[in-house]
Amino acid sequence: MIHVAAVPVKPLFVVLVATLSLLLLVSLFSPRPFFSQSSVSLSDKVDIWSVKRVMEWRPCKWWLQGHLTALPAESNGFIRIDCYGGLNQMRRDLCDGIGVARLLNATIVLPKFEVAAYWNESSGFADVFDVDYFIQQMDGFVRVVKELPSEISSKQPFHVDCSKRKGQFDYVESVLPSLLQHHYITITPAMSQRRDRYPKYAKAAYCQACYNALRLTRSLEKKASDLLEAIPKPFLSLHLRFEPDMVAYSQCEYAGLSAESIKAIEAARGDKKPWTGELAHLWRNRGKCPLTPNETALILQALHIPQNTNIYLAAGDGIMELEGLTSVYKNVVAKSAIMSREDFASMHGNTKAALDYHVSINSDSYIATYFGNMDKMVAAMRAFKGLHKTLFLSRRDFANLTSMGLTREDLIQALWKVHVHDFVMGIGSALPDCFCEFKL
């Protein structure tokens, strides 16, 4: 909760905002040293992908080429990883859980994907991923079994709650005693864990799980391959997040939305009321508000993405105000328009998300308007595959620049500058746990 003192702070606030705006404006339009060799000026009219990068993330050799530490002769027990949320959140939990299992010298039981009505979901782990391939690829990194031994299978696992612990969570101290006592436990990994403190054998298990072991089932991979084949080439995969629940959760308000969009947002708000007044301005300038399709189109234009670019819309159902994008970029396609009506109707949240993931890690370029679980996973897998045309649009920079009252020409130039900096430096294009910086 934000507490505001009951004193007259408005004049001070105005001075502070004006000062910060001036400083940001100066920084945006001042030259940046690393562009002396590799920068492309706005007048050259090339797209952002033509700018020479100076930094890339590549898989670390210690993981790919290192010698594995042999697994101990005896396991300390069995762990089932319980995963919640959308597919990519569950993928993240699974990868984290495998690193934990190796850290604790535990045997993995096939993970449980929780059924979630909110995500329109009923798919389990085996409905999305190839189980045999997963077990094969994890061989030597961590033990995985399809079924429990008979002496344990009749028991209910002991649940260790570590998902909401505060601070840095120590699994050896907090979870290992329960594993040794009960021999079969379930966990949902804590988001606050520090993988940089893991021994390399546990980090290697985590990396192997994330980037080498999760392959779609044959039937789902066939659908994903057919979808990828049907998309006109070359193409940009755009992960757009402007659904009613996303906007409601952000607690942001937008001017100029249609009556239909406003109604959908209000229905999704619940007790999350939007910020108002100066707090709303501060919240937006911190980058907390999802980009609208119209704002996204403006940034794409600033990056000189041609308006005839083939764009695959990697998004869930219910994107609002989509005409703000399609009125500028005409060649936008979605899986619902490419797949047969029967195939599309038969799929649930996880399987639809799996298709978007597969298309996005194989696209010619990838742009995300958010920095969520899917975006982090896609960016890292693209780096693993050597695909570096990946970029995250900056909501914070967009909000700050538009609040300055810049002319369209100055706004376009400023948007180009902040995003080309991120692209050149490889910012956000991989996760540091398994990837190392490589200077070009």
Side-chain angles (χ1 to χ4, degrees), residues 68-87 89-117 119 121-165 169-190 193 201-202 204-206 208-210 212-220 348-351 354:
L68 287 177
T69 301
L71 292 168
E74 296 292 331
S75 168
N76 286 329
F78 297 87
I79 288 180
R80 189 186 74 201
I81 306 162
D82 290 352
C83 306
Y84 298 86
L87 176 64
Q89 180 178 334
M90 291 195 286
R91 184 196 297 264
R92 181 204 67 196
D93 288 345
L94 173 59
C95 295
D96 286 341
I98 288 171
V100 172
R102 181 64 183 93
L103 180 69
L104 303 182
N105 182 30
T107 299
I108 292 285
V109 182
L110 287 183
K112 181 180 180 182
F113 280 13
E114 290 292 336
V115 174
W119 296 95
E121 189 47 59
S122 61
S123 305
F125 178 80
D127 296 314
V128 179
F129 297 112
D130 186 327
V131 172
D132 292 329
Y133 182 82
F134 174 70
I135 295 174
Q136 174 190 340
Q137 290 299 307
M138 294 310 302
D139 184 39
F141 290 88
V142 68
R143 296 180 178 88
V144 184
V145 296
K146 291 183 180 179
E147 297 178 355
L148 289 164
S150 57
E151 64 271 19
I152 294 180
S153 60
S154 60
K155 299 180 180 179
Q156 287 295 317
F158 179 80
H159 179 65
V160 181
D161 183 12
C162 49
S163 62
K164 296 181 179 179
R165 300 294 179 93
F169 189 68
D170 190 322
Y171 284 95
V172 174
E173 179 182 304
S174 302
V175 179
L176 182 59
S178 296
L179 178 65
L180 294 173
Q181 178 183 353
H182 299 280
H183 305 296
Y184 179 30
I185 66 173
T186 68
I187 65 169
T188 299
Q193 64 184 299
Y201 59 80
Y206 165 85
Q208 178 73 0
C210 275
N212 266 341
L214 295 175
R215 185 175 73 181
L216 300 179
T217 63
R218 290 185 180 181
S219 61
L220 193 52
H348 295 280
N350 279 352
T351 47

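It should be emphasised that the depicted structure is a prediction, and the values quoted were computed from it without experimental measurement.
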- Item | Closest approach of Ala202 to Arg102 (non-hydrogen atoms, all atoms of both residues) | CA-CG, 3.8 Å
- Should Tyr171 and Pro189 count as side-chain neighbours, where that means a heavy-atom distance under 4.5 Å? yes
- Query: How many angstroms lie between CG in Asp96 and SG in Cys83, if you round to the nearest 0.5 Å?
  - Reply: 9.5 Å
- Message: What I'd like to find out is whether the side chain of Leu220 reaches to under 4.5 Å of the side chain of Arg215, using heavy atoms alone.
- Response: no
- Answer yes or no: does atom CD of Glu151 have more than 12 heavy-atom neighbours from other residues, nucleotides or ligands under 6.0 Å? yes
- Query: Got Phe134 and Leu214 here, is their nearest side-chain heavy-atom distance under 4.5 Å?
  - Reply: yes
- Message: Within this structure, what is the CD1-CD distance for the pair Ile152 and Glu147, rounded to the nearest 0.5 Å?
- Response: 13.5 Å
- Give, for atom CZ of Phe125 and atom OG1 of Thr217, the distance between the pair rounded to the nearest 0.5 Å. 11.0 Å
- For Arg80 and Pro111, which heavy atoms make the closest approach, and how far apart are they? CG-CA, 4.5 Å
- Item | Any side-chain heavy-atom pair of Phe78 and Pro149 under 4.5 Å | yes
- Message: Using 0.5 Å steps for rounding, measure from the OG1 atom of Thr351 to the CG atom of Leu87.
- Response: 9.0 Å
- Item | Minimum heavy-atom distance Gly97-Ile108, with the two atoms named | O-CD1, 4.3 Å
- Query: Can you tell me if Asp127 uses its side chain to pair, donor with acceptor, with the backbone of Gly124 under 3.5 Å?
  - Reply: yes
- For Ala205 against Ile98, the heavy-atom pair lying closest together: O-CG2, 3.7 Å
- Measure from the side-chain N and O atoms of Asp93 to the backbone N and O of Asp82, and report whether any donor-acceptor pair falls under 3.5 Å. no
- Side-chain donor or acceptor of Asn76 paired with backbone N/O of Leu104 under 3.5 Å: yes
- Whether Phe113 and Phe129 hold their rings parallel, tilted or perpendicular, with breakpoints at 30° and 60°: perpendicular
- Query: Given side chains that start at C-beta, do those of Met90 and Asn350 come closer than 4.5 Å, heavy atoms only?
  - Reply: yes
- Side chains of Val175 and Val100: closer than 4.5 Å at any heavy-atom pair? no
- When rounded to the nearest 0.5 angstrom, what distance separates CD1 in Ile187 from SG in Cys162? 5.0 Å
- Item | Closest contact, heavy atoms only, Gln208 versus Met138 | CG-SD, 3.8 Å
- Minimum-distance pair of heavy atoms, taken over all atoms of Lys146 and Ile135: CG-CD1, 3.6 Å
- Message: Is the shortest side-chain heavy-atom distance between Ile81 and Thr188 below 4.5 Å?
- Response: no
- Query: Which distance, rounded to the nearest 0.5 Å, do you find between the OG of Ser178 and the CG of Asp161?
  - Reply: 11.0 Å
